[in-house]
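Quick note on labels: first sequence line is chain A, next is B, and so on, each numbered from 1.
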There are 2 protein chains.
Amino acid sequence: MLNRPERIEGTRNIPEATVARLPLYLRALASLADQDVAVCSSKELATAAGVNPAKLRKDLSYLGSYGTRGVGYDVEYLRYQIARDLGQTQAWDVVIVGVGHLGSALSGYRGFTSRGISVAALVDTDPTKIGTVVAGLTVVALDDLPEIVQRHDISIAVIATPGPAAQMAADALVAAGVTSILNFAPAIVTVPDGINVRKVDLSVELQILAYHEQRKSSLAAPESDEEVAG
Amino acid sequence: MLNRPERIEGTRNIPEATVARLPLYLRALASLADQDVAVCSSKELATAAGVNPAKLRKDLSYLGSYGTRGVGYDVEYLRYQIARDLGQTQAWDVVIVGVGHLGSALSGYRGFTSRGISVAALVDTDPTKIGTVVAGLTVVALDDLPEIVQRHDISIAVIATPGPAAQMAADALVAAGVTSILNFAPAIVTVPDGINVRKVDLSVELQILAYHEQRKSSLAAPESDEEVAG
DNA sequence: CCTTGTGAAGCTGTTCACAGCC
DNA sequence: GGCTGTGAACAGCTTCACAAGG
């Protein structure tokens, strides 16, 4: 009775690390389905997703018991269950703020436009960009955010502005009613409680690789096998 | 002799989680330096970097004792020390494979072109792209990789191809002598031992946000404060 | 006083190894 | 026999709280 790890009022409590891997399993299952594989073992699926089989089974166990012992997992069934838990049975419209190179690239990025997610609007503050058409969408002004968010019932936004503009973008998004933000800008944005922010920092990833490269080359004799997680 | 946690032959053993945050500290320090701040406390720096002060101090303690008790950290001095540990005192040339929307965006991305890192070459397999100029660089064929890697002494590459082409790109990069890869393609690439691969999956990030959104809306009464790490 | 640097505690995530079930 | 599901051990990361030192 001390710790109740199971679930809170009917909703399963899935660890964050597991949530982050579920989309990978989903993609691996889609790939297997394309190859007309109907059933697969944890080992096969784990290989396709690039993880350890034990980890995969542990992850899936947080969702429920969707496999068959001695057999494996039904590809389509498991696929549906994961999609369900991830919230992909409903459609999500997102808005992208900042239509520079990155914002334009994201607008047309497959995977942003599939998996239940679709880019519904593009916003920028630059008057020369407002009104132009990118990836089939007309860029609108920041002032139009509240109306757009309400019209499309948007709760998720992407910030792809330069660093200094990110906080202003976040403020505008929160004011407009957005509650989850994916931030690509190289800046820390602060938001009220209850708003989710995830940060993806492209240059940081390269700097991490550079660190490991430097470390490799500074060790004349490589002592042990090291791995960097994918 | 069982576990030797400290260091291996003069080289400090910095935890992976710490390495991933050092670039953030570096950026925060740069920002403070721009505002002519000469000294800062762990609390100030932590706020600027968006982390807990205790975590910041712990992280810095892996590099050495660069602060002054009762005073704080010298901004320029700490900045140099972190840059040094991250390997930014040397220049890194990188090659980008795949010059689609994302690859083009990355080519011109500031932060890819600063911090000791610069994009030295762009590679694609599409004959209609080869020879075109993107972000000041002429796109070359995949066959030219070995020569390019050797000429620029490149050890770090970025894969920005469609998913199905990623493994071929990785194979070509490894064959050409690249030892670290940042993979933006929605696919698992397998590489020989000793090659570092980091994966950034843009659509996965959105799916994670969608999960949390769904969870929020399915809970009529929000039970507890939850946070999503940045 | 002040703030850093750090053992120690606690938490989260991973891996193992095997019981349970087909 | 084979494979899933899972307790338990393990490893790594975070946070606390305080000693060390300006």
_Rounding to an integer number of Å, can you tell me how far Leu63(B) CG sits from dT6(C) P?_
11 Å
_Protein-nucleotide distance (Leu45(B), atom CG; dG5(C), atom P), rounded to Å_ = 12 Å
What's touching nucleotides 9-11 of chain D from the protein side, N or O pairs under 3.5 Å?
none

*Figure out the CG/P separation between Leu56(A) and dT6(D), and round it to whole Å.*
14 Å
_Atom-pair distance (CZ on Arg21(B); C1' on dG12(D)), nearest Å_ = 12 Å
_For Arg79(A), salt bridge (Lys or Arg N to Asp or Glu O under 4.0 Å) partners two or more places apart_ = Glu76(A)
*Is the NE2 atom of His152(B) crowded by more than 12 outside heavy atoms at less than 6.0 Å?*
yes
*Starting from P on dC13(D), measure out to CD1 on Ile14(B) and report it in whole angstrom.*
12 Å
*Return yes if some donor-acceptor pair links the side-chain N/O of Ser31(A) with the main-chain N/O of Arg27(A) below 3.5 Å, else return no.*
no
*Report yes or no: do Gln167(A) and Asp171(A) form a side-chain donor-acceptor pair below 3.5 Å?*
yes
*Can you tell me how far P of dT14(C) sits from OH of Tyr62(A), to the nearest Å?*
9 Å
*Value rounded to 0.5 Å, distance of OG1 in Thr18(A) from OH in Tyr211(B)*: 9.0 Å
_With a cut-off of less than 4.0 Å, is there a side-chain N or O of Ser41(A) near OP1 or OP2 of dC3(D)?_
no
_side-chain contact (heavy atoms from CB on, under 4.5 Å) evaluation trace for Ile159(A) with Leu173(A)_ = CA-CA 9 Å; Ile159(A) 295 180; Leu173(A) 287 168; 3.8 Å; yes
*Could you say whether Val71(A) or Asp59(B) is positioned toward the 5' end of DNA chain C, judged by the nucleotide with the nearest heavy atom to each?*
Asp59(B)
_Proximity to DNA chain D (any heavy atom under 4.0 Å), residues of residues 72-82 of chain A only_ = Gly72(A), Tyr73(A)
*dT4(D) OP1/OP2 closer than 4.0 Å to side-chain N/O of Thr68(A)*: no
*Approximate separation, where rounding is to 0.5 Å, of Leu45(B) CG and Leu29(B) CG*: 5.0 Å
*When you get a sec, tell me which of dT14(C), dT6(D), dT3(C) is the closest nucleotide to the side chain of Ser61(A)?*
dT6(D)
_Separation of atom OH in Tyr66(B) from atom P in dG5(C), rounded to whole Å_ = 11 Å
Nucleotide N/O of nucleotides 16-21 of chain D paired with protein N/O under 3.5 Å:
residue : atom : partner  : partner atom : Å
dA20(D) : N3   : Arg69(B) : NH1          : 2.8

*Can you sort out the partners of Glu205(A) under salt bridge (Lys or Arg N to Asp or Glu O under 4.0 Å), two or more places apart, ordered by chain and number?*
Arg198(B)
*Sequence-distant partners of Asp93(B), side chain to side chain donor-acceptor pair (under 3.5 Å), two or more places apart*: Ser118(B)
*Mind calculating the distance between CG (Asn13(A)) and C1' (dT12(C)) to the nearest angstrom?*
13 Å
*State whether a side-chain donor-acceptor pair under 3.5 Å links Gln88(B) with Gln207(A).*
yes
_Any side-chain to backbone donor/acceptor pair from Gln214(B) onto Arg84(A)? Under 3.5 Å, distance only._
yes
_Hydrogens and angles aside, do Asp153(A) and Ser155(A) bring a side-chain donor and acceptor to less than 3.5 Å of each other?_
no
